[in-house]
Amino acid sequence: MDSFCRDGLTFDVLDAGPADGEPVVLLHGFPQDATAWDEVAPALNRHGLRTLAPHQRGYSPMARPRGRSRYTIRETAQDVVALLDAAGLQRAHVVGHDWGGIAAWGLGAWHPDRVRTLTVLSVPHPAAMTRAMVTSDQALRSYYVGLFQLPLLPERLLLARGGAALRRLLRSGGLPHDAVDRYVARMHEPGALAAALGWYRALPWSGRDPVGTVRVPTLHVWSTGDAFLGRAATEGTGRFVEAPYRLEVLDDVTHWIPELAPDRVATLVTAHVRAA
């Protein structure tokens with residue numbers, strides 16, 4: 001499949017690997033797109049797994065609705081359910097990074113019947129994140145979340161002079177130049193950056209519908225070089241999973257795990273899938 005629809009929105013999908021392979025859904029974060037998995041997906045495909053990587057809400061050109069409330073965690077998790085329905089899949093293994101990881105946490109809590117295993121890269125469970133904001137340095141690490149709540153200003157700052165600020169942000173984390181160019185180019189599409197920032201701006205609405213306990217086998221992968229997400233929330237995540245849970249720590253890798261440690265990610269996901 002190359003796309004699916006939900007509520008009048010059309011989402012583009014990168015579908016690869018054997019059609020009869022165990023399905024693995026790959027959810028990207030901000031300001032990435034489905035190409036974040038370009039080096040992970042082929043490795044999973046070689047192990048006989050089918051990968052479905054959607055350009056998520058706000059990133060697919062035909063899926064950029066207006067309004068903050070259209071980007072809540074509940075909405076983004078429901079998009080994955082719609083993807084599974086369109087693909088004719090009752091369940092899949094779900095892998096998410098950054099905001100894709102938050103959507104994955106929501107999916108594991110609200111739709112455990114649709115998830116065989118969960119693998120979340122970088123981001124802790126939202127409840128653990130909330131606790132860490134008042135018990136650690138996480139609030140300082142997340143300063144930009146408050147900035148992104150402002151109207152118009154973040155778009156102007158990030159895209160000024162050809163997206164120079166956005167490029168600096170991505171390159172400072174070690175992202176390859178070709179990935180930086182792809183992501184910055186997408187953010188220059190009409191309405192793209194405002195839509196992508198909608199995930200942040202929907203946080204007040206998402207807070208009214210908190211993500212609960214996850215009851216599916218879960219692998220959580222965190223990297224010590226992550227400047228945005230600290231150890232406190234990571235180590236507090238396990239208490240919100242009532243199923244087999246394992247934390248894997250990658251040393252000397254920054255936030256951009258799918259692009260910078262694709263072989264390690266593919267190895268971990270494959271083992272997690274096979275263990276199920």
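H255 and H97 have tilted rings, their planes meeting at an angle from 30° to 60° on a 0 to 90° scale. Ring-plane geometry between Y144 and F228 is classed as perpendicular, the angle between the planes exceeding 60 degrees on a 0 to 90 degree scale with a lower cut at 30.
Side-chain contact check for L27 versus Q56: some heavy-atom pair is nearer than 4.5 Å. Here the side chains of H93 and V269 are not in contact, with every heavy-atom distance at 4.5 Å or above. You'll find the side chain of L229 reaches within 4.5 Å of the side chain of Q138, heavy atoms only. Between L166 and M187, some side-chain heavy-atom pair lies under the 4.5 Å cut-off. Between V253 and T224 there is no side-chain heavy-atom pair separated by less than 4.5 Å. Between T213 and V241, every side-chain heavy-atom pair lies at or beyond the 4.5 Å cut-off. Annotation: side chain of P258 is not in contact with side chain of H28 (no heavy-atom distance under 4.5 Å). At a threshold of 4.5 Å between non-hydrogen side-chain atoms, the residues M1 and L52 count as touching.
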> Run the side chain to side chain contact (heavy atoms under 4.5 Å, CB included) check on M129 and V123 step by step: do they pass?
Replying inline: CA-CA 8 Å; M129 182 75 163; V123 293; over 6 Å; no
>> salt bridge (Lys or Arg N to Asp or Glu O under 4.0 Å) for R167 and D181? Distances and angles first, verdict last.
In response: CA-CA 8 Å; R167 288 179 182 277; D181 290 343; 2.7 Å; yes
>> Would R74 and W205 count as a side chain to side chain contact (heavy atoms under 4.5 Å, CB included) here? Give the steps.
In response: CA-CA 10 Å; R74 179 72 71 168; W205 281 263; over 6 Å; no
>> One pair to check against side chain to side chain contact (heavy atoms under 4.5 Å, CB included): D209 and W110. What are the steps and the verdict?
In response: CA-CA 11 Å; D209 187 16; W110 297 320; 4.1 Å; yes
>> Determine whether L193 and F30 satisfy the following criterion, side chain to side chain contact (heavy atoms under 4.5 Å, CB included), listing intermediate values before the conclusion.
In response: CA-CA 10 Å; L193 182 55; F30 172 89; 4.1 Å; yes
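Pairing each heavy atom of L170 with each of Y183, the nearest pair is CD1-CB, 4.2 Å. Closest approach of H272 to L219, counting heavy atoms only: NE2-N, 3.5 Å. Of all the heavy atoms in L197 and P154, the pair that sits closest is CD1-CB, 3.9 Å. Taking each heavy atom of H55 and T35 in turn, the nearest pair found is CE1-N, 4.3 Å. Taking both residues in full, the closest heavy atoms of A233 and A128 are given as O-CB, 3.5 Å, listed atom of the first, atom of the second, then distance. Residues P190 and R64 share a closest heavy-atom pair of O-NH1, 3.4 Å.
For the side chain to side chain contact (heavy atoms under 4.5 Å, CB included) test with I257, the passing option among L250, V40, D226 is L250; the others fail. No option in W105, Y200, F148, Y71 other than Y200 meets the ring-ring contact (aromatic ring centres under 6.0 Å, His included) test with W99.
Put simply, L268 and L26 are part of the same group of oily side chains (I, L, V, M, F, W, Y) that touch within less than 4.5 Å, one to the next. Taking hydrophobic clusters as Ile, Leu, Val, Met, Phe, Trp and Tyr residues chained together by side-chain heavy-atom distances below 4.5 Å, V265 shares a cluster with Y245. Linking ILVMFWY side-chain heavy atoms closer than 4.5 Å, directly or via other members, places L147 and L140 in two distinct hydrophobic clusters. By the criterion of side-chain heavy atoms lying less than 4.5 angstrom apart, applied directly or through intervening Ile, Leu, Val, Met, Phe, Trp or Tyr residues, W37 is grouped together with L89 in one hydrophobic cluster. Cluster membership check: V95 does not share its hydrophobic cluster with L14, using side-chain heavy-atom separations under 4.5 Å among Ile, Leu, Val, Met, Phe, Trp and Tyr.
Listed for the R246 side chain is no donor-acceptor partner under 3.5 Å among the backbone atoms of H220. A distance-only check finds no donor-acceptor pair linking the side chain of T270 to the backbone of T267 [under 3.5 Å]. In this structure a side-chain-to-backbone donor-acceptor pair under 3.5 Å is missing from R70 to A195. Not one N or O on the side chain of T218 forms a donor-acceptor pair closer than 3.5 Å with the backbone of L118. The closest donor-acceptor contact from the side chain of Q32 to the backbone of G29 lies under 3.5 Å. Under the 3.5 Å distance criterion, the side-chain polar atoms of T72 are matched with a main-chain donor or acceptor of E75. Between the side chain of S142 and the backbone N or O of A139, no donor-acceptor pair lies under 3.5 Å. A side-chain donor-acceptor contact under 3.5 Å links S60 to the backbone of D12. When atom types are taken as modelled, the side chain of S3 and the backbone of F11 share no donor-acceptor pair closer than 3.5 angstrom.
Between R6 and D85 there is no salt bridge, since no side-chain N of the basic residue sits under 4.0 Å from a carboxylate O of the acidic one. Classification of E22 and R274 as a salt-bridged pair fails, no side-chain N sitting under 4.0 Å from a carboxylate O. Using a 4.0 Å cut-off between charged nitrogen and carboxylate oxygen, D113 and R91 do not count as a salt-bridge pair. Between R171 and E259 there is no salt bridge, since none of the side-chain N atoms of the basic residue sits less than 4.0 Å from a carboxylate O of the acidic one.
A distance of 13.5 Å separates OG1 of T234 from NE2 of H125, quoted to the nearest 0.5 Å. Note that CG of L175 is 9.0 Å distant from CG of D178, once rounded to the nearest 0.5 Å. The structure places OG1 of T119 at 11.0 Å from CD of E248, a figure rounded to the nearest 0.5 Å. Going from atom CG of L83 over to atom CZ of R114 covers 9.5 Å, rounded to the nearest 0.5 Å. Taken from OG in S69 to CZ in R201, the straight-line distance is 13.5 Å, to the nearest 0.5 Å.
In this structure, R231 forms no cation-pi arrangement with W222, as its terminal cationic atom is not both closer than 6.0 Å to the ring centre and no more than 45° off the ring axis.
Counted within 6.0 Å of CG on D252, heavy atoms from surrounding residues, nucleotides or ligands total 12 or fewer; the atom is thus considered open. Heavy atoms of other residues, nucleotides or ligands lying less than 6.0 angstrom from CE of M62 number 12 at most. Counting non-hydrogen atoms of neighbouring residues, nucleotides and ligands closer than 6.0 angstrom, the CD atom of E39 reaches no more than 12 such neighbours.
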